[in-house]
Amino acid sequence: MTDQQSFRYDPQAVEAKWQARWAERHTNEPDLDAAARPFYNLMMFPYPSAEGLHVGNMFAFTGSDVYGRFKRLQGFDVFEPIGFDAFGIHSENYAIKLGIHPAELIPRNIANFTRQLTRVGGMFSWRNVLSTTDPAYYKWTQWLFLQLYTSGKAYRKHGLVNWCPECKTVLANEQVINGFCERHPDTKVEQRALQQWYFRITDYAERLLANLDDRSKMDWSDTTTQAQRNWLGRSEGAEIDFAVDGDCGAIRVYTTRPDTLYGATFMVLAPEHPLVAQLTTDAERATVEAYRGQVAALDLVSRKVGDKEKTGVFTGAYAVNPATGGKIPIWIADYVLMEYGTGAIMAVPAHDERDFAFAQKFGLPITRVLARAGRDADAPMLEAETDTAGYALVHSGQWSGRPADEALQEITAWLEREGHGTRTVRFRLYDWCISRQRYWGPPIPIIHCPTCGPVPVPEADLPVLLPPIDDFRPDDSGISPLARHEEWYFVPCPECGAQGRRETDVSDTFLDSAWYYLRYPNTDIDDRPFDSARTARWCPVTMYIGGNEHAVLHLLYSRFIAMVLHELGHVLFEEPFTKFRAHGLIVKDGAKMSKSKGNVVIPDEYIAKWGADTFRMYLMFLGPFQEGGDFRDSGISGPRRFLEKVWDLVGQCEHVTLAGQEVHQSVVVKRHQTVKKVTEAMEALSYNTAIAALMELLNTMRETNCSERHIVKDMIVMLAPFAPHFSEECWERFGGVTTVFSASWPTWDEGLTVEDMMDIPVQVNGKTRGKVRVPRGAEEAAIAAAAMQQDAVKRFTEGKELRKQIYVPGRLLNLVVG
RNA sequence: GCGACCGUGGCGGAAUGGCAGACGCGCCUGGCUUAGGACCAGGUGGGGAAACCCGUGGGGGUUCGAGUCCCUCCGGUCGCACCA
């Protein structure tokens with residue numbers, strides 16, 4: 001006790017010492033070519049913002065790091081890389097705001113992030129750090145584009161974008177505020193059709209969906225797979241042709257409800273539908289053109305926002321309902337989207353809410369074709385009745401009276417037989433537009449030649465460097481910033497040598513992040529994106545932890561890219577992330593941390609005051625990792641006090657010379673219980689309960705005045721994932737020579753997790769009335785007999801008949817009397 | 001609107017259908033101190049002197065037994081959202 005002063009726990013000193021040692025000794029850099037038990041522990045890499053990492057990021061990274069360290073203690077060769085997702089519109093906009101070039105800003109931010117990530121004690125293999133903005137990286141992002149292009153998975157088509165007439169540039173959806181440009185609040189944003197590059201992700205829709213249910217390929221959080229299922233949006237239905245009246249053409253629609261065919265009383269086409277011009281009668285032409293102009297003037301966000309008042313106009317043309325033979329009017333309306341289905345619908349106002357609203361507004365006929373069994377087939381339609389269960393068809397010719405679900409199949413079969421339609425599967429998923437009309441991204445490696453068309457840049461010429469132009473902001477000319485840089489823009493065609501022009505679009509940041517996990521183990525290789533032997537050793541990623549905000553796009557795009565690479569023979573696996581878990585969100589004062597709310601907590605000051613280990617423990621203790629929690633200053637002293645008590649306990653061990661002293665059975669049991677509990681909790685990412693179990697063990701040790709060296713050493717090992725520097729120092733005090741992470745995770749003996757005597761609660765009619773202490777494994781009869789002796793039990797059983805006796809072995813005895 | 005998740009002390013949160021509130025914060029009492037926002041010991045869901053009674057958003061159900069399962073209503077969080 002006397003020299004405790006000199007051995008006071010000083011987190012700043014301990015943490016600096018071990019961070020320096022880890023770096024010197026390359027403690028966290030596994031041998032990528034020889035590791036025997038590779039475990040790829042990946043966390044979603046950050047976008048290096050100017051503000052630095054906030055507590056939310058630290059929470060996510062720490063949780064992932066804790067898991068990686070746990071796996072390492074279990075004997076795996078853990079590879080835990082980190083990098084920076086530094087391209088994109090955020091960086092560019094921020095740079096524009098400050099007037100500093102992103103190429104200057106980003107390295108500064110990365111340096112700051114690196115400092116913070118080191119300071120918090122992550123087990124990162126710094127040798128493998130990467131940034132997506134590094135030409136050595138984006139060279140291979142461009143290579144990846146070419147792989148897709150040459151295999152026919154990349155193509156160009158016109159797509160709609162938000163266009164600000166004032167900035168004369170393209171805006172992302174989040175830059176459009178209530179239909180106005182975020183930088184020009186008086187300027188309405190329009191839609192414009194531009195030639196853009198797309199990837200054929202829709203070709204893989206079925207496989208992307210099917211693999212979600214294949215546990216051998218992917219073990220993911222349910223919330224995440226569910227989000228992907230919704231996004232893929234598989235639906236079954238039929239495509240049906242409606243002949244145009246007085247014309248030889250037909251309009252094809254997609255519907256999931258062929259059972260309601262007899263109720264189709266009009267048709268609606270998307271305003272952009274190619275047949276509109278041809279169908280429109282002279283009398284309606286002016287109105288139709290005006291409406292189409294009006295829709296085009298809207299931005300994409302306002303157009304798609306739901307619950308909007310329906311608008312639309314009549315084209316003057318009619319179609320024929322193939323079932324009824326009746327003439328039905330053809331309208332155009334912006335609630336029908338060109339991107340989905342066929343861009344045209346059969347409107348069944350009686351049984352579709354949107355069609356109902358439209359019919360009401362424009363006075364179109366509403367015909368009921370479904371009614372609940374036994375109800376009036378002519379009951380007025382007060383609202384759209386969209387259910388099918390318990391409904392049968394009415395006013396539907398030969399199918400009247402048939403249950404809706406059966407009629408759906410039968411009518412579809414009839415349509416196919418008669419040549420009016422085909423059974424079809426549709427996905428909500430659309431092709432991935434990877435074009436960005438911006439500066440801060442990897443140039444798409446294509447050269448446009450007047451005679452050869454788009455020609456890929458030869459692999460030997462990669463990377464196509466992003467030219468370091470000063471004026472990278474979009475200007476009034478409407479020309480992409482890259483096109484203004486003539487010596488870059490004009491190049492000879494690689495095929496014919498004629499003067500060509502470079503593609504001026506850069507690629508989406510989601511392409512950068514769709515393959516970064518492949519690059520990490522190969523950052524030292526510069527003649528190919530990844531080495532096949534290394535990739536086979538480390539990939540797919542063993543455990544991936546990240547935010548559910550990326551549940552759909554990032555994770556789906558990464559899966560798609562892996563499938564393409566697999567198909568092209570570049571990788572052996574089809575699914576890139578074997579296990580994925582989403583972490584929760586840290587809130588502050590009940591609100592999500594955000595700059596606008598001004599409640600962002602910067603971790604640096606907490607680490608300076610409490611130390612990284614205490615900070616890490618606090619983050620992991622404040623709530624379940626997969627659910628997040630509320631960050632408040634008040635709780636952080638708990639974990640710090642805990643560490644100080646453990647520190648003192650280690651100090652006591654150092655003074656105990658007596659070996660093999662008798663350890664009380666209750667402590668031994670507690671030790672085995674704790675190892676079991678902590679091990680299981682770590683695997684389940686239930687870090688808060690793992691820490692609670694360690695605290696319980698410490699409390700038991702203190703209460704029984706026990707400082708048994710082996711138990712304390714086990715405790716230090718179990719603590720190491722949470723408080724790595726602290727544990728290293730304690731380990732060294734115990735005589736450890738290299739690192740605590742070369743120790744092995746403690747094991748438990750199931751038989752020692754229970755004491756010789758057990759307390760069995762006794763219930764009478766389900767209410768606890770007493771407790772009996774019996775030897776482990778006691779017979780039910782003996783326990784019941786002992787229970788009956790208890791006064792509290794007697795009080796409730798006396799004079800009553802024992803109707804039933806329930807004994808849950810080792811847990812509880814319930815006496816049912818009456 | 002659709003889908004998923006969640007409502008437990010003063011607070012963060014624990015509980016394979018089996019003693020509700022582990023663990024921590026805070027608070028209370030005492031000790032040690034010139035002092036305490038340090039440390040140590042004890043206490044801490046509500047009511048009650050006690051025996052006991054009540055208690056996991058509200059209501060109903062299944063069960064010997066429900067925070068946990070089912071139905072329903074209320075409240076909240078997160079996705080998706082005119083997807084035919």
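Just so it is clear, the model here is predicted, and its values are computed rather than measured. Letters A, B, ... are given to chains in the order of the sequence lines, protein chains preceding strands, and every chain is numbered from 1.
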Pair A:E644 + A:R640, salt bridge at N-O below 4.0 Å: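 Looking at A:E644 and A:R640, the cut-off is met.
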A:D613: side chain to side chain contact (heavy atoms under 4.5 Å, CB included) partners, not counting sequence neighbours: A:Y9, A:E15, A:R616, A:L643, A:A723, A:P724, A:H725, A:F726
Whole Å only: how far is the [atom1] atom of [X] from the [atom2] atom of [N]?
X      : N     : atom1 : atom2 : value
A:K310 : B:G1  : NZ    : C1'   : 12 Å
A:E383 : B:G1  : CD    : P     : 12 Å
A:Q673 : B:U16 : CD    : P     : 15 Å
A:R632 : B:G13 : CZ    : P     : 8 Å

[X] vs [N]: side-chain N/O to OP1/OP2 distance below 4.0 Å:
X      : N     : answer
A:R641 : B:G26 : yes
A:R795 : B:C52 : yes
A:R769 : B:C19 : no
A:K771 : B:G18 : no
A:R428 : B:G3  : no
A:R702 : B:C40 : yes

In whole Å, measure the gap between the [atom1] atoms of [N] and [M] for me.
N     : M     : atom1 : result
B:G13 : B:G7  : P     : 10 Å
B:C52 : B:C40 : C1'   : 36 Å
B:G9  : B:G21 : C1'   : 7 Å
B:G24 : B:A41 : P     : 12 Å
B:U63 : B:G46 : C1'   : 28 Å

Sugar-phosphate, base or nothing in reach of A:D355, heavy atoms under 4.0 Å: nothing
Sugar-phosphate only, base, or nothing, as touched by A:R234 at under 4.0 Å among non-hydrogen atoms: nothing
Along RNA chain B (nearest heavy atom to each residue), the more 5'-positioned of A:T255 and A:G638: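 The residue whose closest nucleotide sits nearer the 5' end is A:G638.
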Along RNA chain B (nearest heavy atom to each residue), the more 5'-positioned of A:N688 and A:I806: A:N688
Aromatic ring pairing A:W331/A:F362, orientation class (parallel under 30°, perpendicular over 60°, tilted between):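 Ring orientation of A:W331 relative to A:F362: tilted.
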Results of salt bridge (Lys or Arg N to Asp or Glu O under 4.0 Å) for A:E272 - residues two or more places apart only: A:R303
A:H420 side, atom NE2; A:I411 side, atom CD1 - distance, nearest 0.5 Å: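 If we round to the nearest 0.5 Å, A:H420:NE2 and A:I411:CD1 are 12.5 Å apart.
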Side chain A:T424, main chain A:T422, donor-acceptor under 3.5 Å: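 Side chain of A:T424 to backbone of A:T422: a pair is present.
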For RNA chain B, the dot-bracket pattern of Watson-Crick and G-U pairs whose distances stay under 3.5 Å, | for other-strand partners: (((((((..(((.....[....)))((((((.......))))))(((....)))..(((((..]....))))))))))))....
Flag for A:D633-A:Y618: side-chain donor and acceptor within less than 3.5 Å: no
